[in-house]
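Structure, as structure tokens:
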2 protein chains.
Amino acid sequence: MTEAAAATEVDDCASGTAVRPRPDGQDNYTIGEVVALTGLSAHTLRWYERIGLMSRVDRSHNGQRRYDNDDLRWLEFVGRLRLTGMPVADMVRYAELLREGDHTFAARQELLVRHREDVRRHIADLQATLAVLDFKIELYGGAAR
Amino acid sequence: MTEAAAATEVDDCASGTAVRPRPDGQDNYTIGEVVALTGLSAHTLRWYERIGLMSRVDRSHNGQRRYDNDDLRWLEFVGRLRLTGMPVADMVRYAELLREGDHTFAARQELLVRHREDVRRHIADLQATLAVLDFKIELYGGAAR
DNA sequence: TGCTTGCCTGGAGTGCACTCCAAGTCTCTA
DNA sequence: TAGAGACTTGGAGTGCACTCCAGGCAAGCA
């Protein structure tokens, strides 16, 4: 496997539940379609592009955005990172590393490893709180009876 | 158990790792001590009081805040809710219900139950993302070799 | 031909959760 | 008696992640 091929594979496997309604080749979606598919607003999609969280999206002959399946995959991955609390600045950093090419593999991996640690810690915090919530809810139930 | 007793117990059991360095009776802490104990800033502590997230804190003869163990317990619980992403407005709502008395038991329980659902969903999201991160990190590792 | 719909841009505005500021008070130590 | 340090207040400012606005363009339809 070449590094370039690995990079593609690494960066495309956003998640198992990809939303890619049309096969490669017929995959050019208007911003409105992407809004419907991702739940993001058109404002947010344009903003993501402006701040460099997406590389420049293709345009139609009259300047309108045309997204492809790779864009959807990327948006899905970004959605996951966002859901897990990664700051937008870090996601932009990751996107920049991606554009810089294969020599940034280690930096990208490090960024993801660090984020994974954050996520693990956060899960532990949430579970500890869940126990407290269970206890309080139980007590309220007991007091109400 | 009276409802009042239940309310006290329910609302004091913030967590197992309470930071309460002095026993009840000698428990009056300056804002600086509470900053050191909780990690919150003095600004934030005053702001919490201003918005009603804490009921009015005792004052010394010259108007300075004096926190007690109950305040610390409450701050600890608030910290947990904050960590798990509850909006401040919801925490204020909970604090208001608490001040209104025993007849708000059901409402308080409902609020916590709803939040517990949010937390559970969030844990599931985090775990799904963890799987994606593991996969990508693994691929980067493979590509680097 | 005019109207609607969907899209474009740069820049301003919003909501949240703090965070800081200015000007003042009080207490303690040198 | 002076200075340092910890505290007080209301109100303004900050950073983040959007979110909206004004003004305009292009395509499709009555």
Side-chain angles (χ1 to χ4, degrees), chain A residues 28-68 71 74-96 115 118 122 125 129, chain B residues 28-68 71 74-96 115 118 122 125 129:
Chain A
N28 63 339
Y29 310 95
T30 65
I31 198 166
E33 286 170 326
V34 176
V35 165
L37 290 168
T38 62
L40 295 166
S41 74
H43 298 302
T44 300
L45 287 167
R46 293 191 200 104
W47 179 67
Y48 277 3
E49 193 178 336
R50 212 182 328 170
I51 65 173
L53 183 50
M54 302 199 68
S55 42
R56 177 154 176 98
V57 174
D58 271 1
R59 304 296 152 126
S60 68
H61 67 99
N62 61 353
Q64 296 193 355
R65 286 172 181 77
R66 290 294 178 264
Y67 294 83
D68 62 23
D71 294 325
W74 172 248
L75 284 171
E76 207 172 331
F77 182 56
V78 162
R80 292 220 158 270
L81 295 181
R82 195 177 46 126
L83 216 65
T84 50
M86 184 184 278
V88 168
D90 288 6
M91 296 195 269
V92 171
R93 178 87 194 104
Y94 185 81
E96 282 167 357
H115 185 55
D118 291 345
H122 195 186
D125 285 341
T129 302
Chain B
N28 63 339
Y29 310 94
T30 65
I31 199 167
E33 287 170 325
V34 176
V35 164
L37 290 167
T38 62
L40 295 166
S41 73
H43 298 302
T44 301
L45 287 167
R46 294 193 196 102
W47 178 67
Y48 277 3
E49 192 177 337
R50 212 183 326 171
I51 64 173
L53 182 50
M54 302 199 67
S55 43
R56 178 157 175 94
V57 174
D58 271 2
R59 305 295 152 124
S60 68
H61 67 99
N62 62 353
Q64 296 191 358
R65 286 172 180 77
R66 291 294 178 262
Y67 294 83
D68 63 22
D71 293 325
W74 172 248
L75 283 172
E76 209 173 327
F77 182 55
V78 162
R80 292 221 158 269
L81 295 181
R82 195 177 45 126
L83 217 64
T84 49
M86 184 185 277
V88 168
D90 288 4
M91 297 195 267
V92 171
R93 177 88 193 106
Y94 185 81
E96 282 168 357
H115 185 55
D118 291 345
H122 196 186
D125 285 341
T129 301

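In the text below, chain A, chain B and the rest are named by the order of the sequence lines, each starting its count at 1.
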Would the distance check show the side chain of A:Glu33 and the main-chain N or O of A:Thr30 forming a donor-acceptor pair, the cut-off being under 3.5 Å? yes

In whole Å, I'd like the distance from the [atom1] atom of [X] to the [atom2] atom of [N].
X       : N      : atom1 : atom2 : answer
B:Trp47 : D:dG13 : CH2   : C1'   : 14 Å
B:Glu49 : D:dT9  : CD    : P     : 7 Å
B:Asn62 : D:dT9  : CG    : P     : 11 Å
B:Glu33 : D:dA6  : CD    : P     : 12 Å
B:Tyr67 : D:dT8  : OH    : C1'   : 12 Å
A:Leu40 : D:dC20 : CG    : C1'   : 17 Å
B:Met86 : C:dA17 : CE    : C1'   : 16 Å
B:His43 : D:dA6  : NE2   : P     : 14 Å

Which sits closer to the 5' end of DNA chain C, B:Met91 or A:Gly63, going by the nucleotide each is nearest to?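 Looking at the nearest nucleotide for each, A:Gly63 comes out on the 5' side.
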
Hey, which of these two, A:Thr44 or A:Gln64, hits DNA chain D nearer its 5' end, going by closest nucleotide? A:Thr44

Need to verify one output field. Residue with the more 5' nearest nucleotide on DNA chain D, A:Val88 or A:His61? A:Val88

Would you say the side chain of A:Asp71 lies within less than 4.5 Å of the side chain of A:Arg65, judging by non-hydrogen atoms? no

Heavy atoms only, 4.0 Å cut-off, all strands: where does A:Arg65 land among base, sugar-phosphate and nothing?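 Sugar-phosphate only.
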
With a 4.0 Å cut-off on heavy atoms, is A:Arg82 in touch with a base, just the backbone sugar-phosphate, or nothing at all?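 Sugar-phosphate: the residue A:Arg82, judged by heavy atoms under 4.0 Å, touches backbone atoms but no base.
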
Does [N] have OP1 or OP2 under 4.0 Å away from a side-chain N or O of [X]?
X       : N      : result
B:Tyr48 : C:dC18 : yes
B:Thr30 : D:dA6  : no
B:Arg59 : D:dT9  : yes

For the atom pair CG (A:Leu75) and CG (A:Leu37), what is the distance rounded to the nearest 0.5 Å? 10.0 Å

Donor/acceptor link under 3.5 angstrom from A:Arg46 side chain onto base of C:dG10: no

Using 30° and 60° as the class limits, which term best fits the ring planes of B:His122 and A:His122: parallel, tilted or perpendicular? perpendicular

Any idea which heavy atoms bring A:Val57 and A:Glu49 closest together, and the distance?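 Result for this residue pair: N-OE2, 3.3 Å.
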
